[in-house]
Amino acid sequence: MTDFLHFIDGDFTAGTSGKRFEKRRPHDGSLVGHVVEGGAAEIDTAVQAARAAMRGPWARLSVDDRADLMRAIADGITRRFNDFVEAEMADTGQPRGTMEHAFIPRGAANFKAFADIIKNVSTESFEMQTPDGKGALNYAIRRPKGVIGVICPWNAPLLLMTWKVAPALACGNAVIVKPSEETPGTATLLGEVMNEVGVPKGVYNVVHGFGPDSAGAFLTEHPGVDAITFTGETRTGTAIMQSAAKGLRDVSFELGGKNSAIVFADADMDVTMEAIGRSAFLNCGQVCLGTERILVERPLFERFVAALKAKAEALKPGAPNDKASTFGPLISQEHRQKVLSYYTKAVEQGATVVTGGGIPDMPEDLAGGSWIQPTIWTGLADDAAAVTEEIFGPCCHVRPFDSEEEAIGIANDTEYGLSASIFTTNLARAHRVAAQVDVGITWVNSWFLRDLRTPFGGSKQSGIGREGGVHSLEFYTELRNICVKL
Ligand code: NAD
Ligand code: 6OD
């Protein structure tokens, strides 16, 4: 049994709230341990620790030394690789392979990438003329923003948390992380790594708890927090933005999506099915970039649906440590209720269920898990709930289209704008369509292929701002101009 404590000012602490809650394994419902719940007092202590760190040795580290420390953190994650894999498997129930090959290595990669980026991105300078003929020189320098509140979701906990913590620290800030209440493990473990590699006290803090009236809300409302970076639901982003308005704190939001894939009849079927099989079902469909709307050019429609059905039916649900398992559970019983409500609504609204649609039969030892069947629908109207609302489960609607313009129109007919993928062997068409889909990131003949130097974020209701490469530096630093009269 593991108990999850806050990590504040370099120490693990239960805090003073006296409150704690249970963390259960999604794959069988067994108890992982208890998580302490932070309130206003714990958040205030963490903010004071972070502010003190910003006045201490951390503030005087050179960029080179900070970059070295980022690499040491990455190495620390790699050294404790199996601990991170185990912690994330306990929290999310996803197969070991997903952790080992994708989510945990990316935690280390985030620190390595920003160690390089912080050393290699320059600032601007301008020479100007002055009436006395001597001129002036302008140049910009970057300074950390201060204390950053980092509010995280549960679907890829280490990847998404370090995607924000790594650039924030590389830029010289201090952070207070509020992990999702569903996934306390890896953020807590990272506290141990921070101490092992000598990150100064107060630079990395973790306070556990929920959102409203708990650690999340107290963190975003605290006047000692200089900026807030958040990944989660669009509705939560709206609440956080209201808190951030007090004191005019900057926000960076990565929010929900209702992402489409556009498959043209000339697409390479092997490439397409491999990518869409992952984008619809990886992580039990709980990936913000996942595909829930698939548009297929009519001549390919029947063949595509049959191939995706075969992909879905080949998935093997099982415990994270079972080598045969390729498909994990949803994060919680509560989330399963939400996803199942869409399964019911889709049928009520006229869907043809190609495969799935319910709860799979699982062996007795897994029966307490939040299992659900991967599900494919056809035949829904464009305004059906399962076609317009983010479900965040292993399900998708497949719809035929007849022209490029029609496909672009359908793909853009959503309040979201996070990602899209296009499958075609016609390069000119790929460029043309990609430029017209109103999203933050479009993949051509792939999905979730990430270069950490590129801009990442969403349009419309899918986010505010961009992170990645220089864009992260824009958010996590203040750019100051210095004008020198010569
Ligand atoms: P969520 O919004 O319910 O919770 C996210 C975090 O916010 C949690 O830590 C939660 O405790 C906290 N929170 C909730 N209410 C709060 C409040 N009022 N004030 C402060 N904090 C609060 O999201 P989730 O269910 O954990 O994650 C799934 C959602 O995240 C999906 O909508 C998914 O699309 C989105 N997501 C987006 C991206 C992206 O990059 N765009 C990535 C991953 C997940
Ligand atoms: O790859 C990333 O940087 C990123 N933010 C991925 C988001 C995945 C959403 O579930």
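Residues take their numbers from the sequence shown, with the count starting at 1.
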Asker: Under 4.5 Å between any side-chain heavy atoms of Tyr343 and Cys395, yes or no?
Answerer: yes

Asker: If you take the centroid of each ring, where Trp contributes its six-membered ring, are Trp371 and His27 closer together than 6.0 Å?
Answerer: no

Asker: With a distance cut-off below 6.0 Å to the six-membered ring centre and an angular limit of 45° from the axis, does Arg399 pair with Trp377 as a cation-pi contact?
Answerer: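 No, a cation-pi geometry is absent between Arg399 and Trp377.
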
Asker: Provide the full list of salt bridge (charged side-chain N to carboxylate O under 4.0 Å, His left out) pairs with a residue in residues 98-110, sequence neighbours left out, each pair given once.
Answerer: Arg96-Glu100

Asker: Report the relative orientation of the aromatic rings in Phe392 and His335; use parallel for angles under 30°, tilted for 30 to 60°, perpendicular for over 60°.
Answerer: perpendicular

Asker: Applying ring pair (Phe, Tyr, Trp, His ring centres under 6.0 Å) as the test, list every pair that has at least one member in residues 231-283; sequence neighbours left out.
Answerer: Phe230-Phe253, Phe264-Phe401

Asker: So, do Phe210 and Phe21 have ring centers that fall under 6.0 Å from each other?
Answerer: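 Yes; Phe21 has its ring centre under 6.0 Å from that of Phe210.
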
Asker: So among Glu474, Glu467, Arg466, which one has a side chain to side chain contact (heavy atoms under 4.5 Å, CB included) with Ser252?
Answerer: Glu467

Asker: Can a salt bridge be assigned to the pair Glu274 and Lys311 using a cut-off of 4.0 Å between side-chain N and carboxylate O?
Answerer: no

Asker: Can I get a per-line list of side-chain donor-acceptor pairs under 3.5 Å for residues 237-246, giving both atom names and the distance, sequence neighbours left out?
Answerer:
from, atom 1, to, atom 2, distance (Å)
Thr238, OG1, Thr234, O, 3.1

Asker: Show me the pairs that pass salt bridge (charged side-chain N to carboxylate O under 4.0 Å, His left out) and involve residues 298-308, at least two apart or across chains.
Answerer: Arg298-Asp402

Asker: Can you list every salt bridge (charged side-chain N to carboxylate O under 4.0 Å, His left out) pair that touches residues 414-430, not counting sequence neighbours?
Answerer: Asp266-Arg429

Asker: Roughly how far, to the nearest 0.5 Å, is OG1 of Thr183 from CG of Asp91?
Answerer: 5.5 Å

Asker: Test of understanding: with salt bridge (Lys or Arg N to Asp or Glu O under 4.0 Å), list the residues that count as partners of Glu181, not counting sequence neighbours.
Answerer: Lys178

Asker: Does atom CG (Asp451) have a neighbourhood of more than 12 heavy atoms from anything else shown, all under 6.0 Å?
Answerer: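 More than 12 heavy atoms, drawn from other residues, nucleotides or ligands, come within 6.0 Å of this atom.
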
Asker: Among Ile294, Asn259, Thr291, whose side chain to side chain contact (heavy atoms under 4.5 Å, CB included) with Cys396 holds?
Answerer: Ile294

Asker: So does Pro153 get a backbone contact from the side chain of Ser180, meaning a donor-acceptor N/O pair under 3.5 Å?
Answerer: no

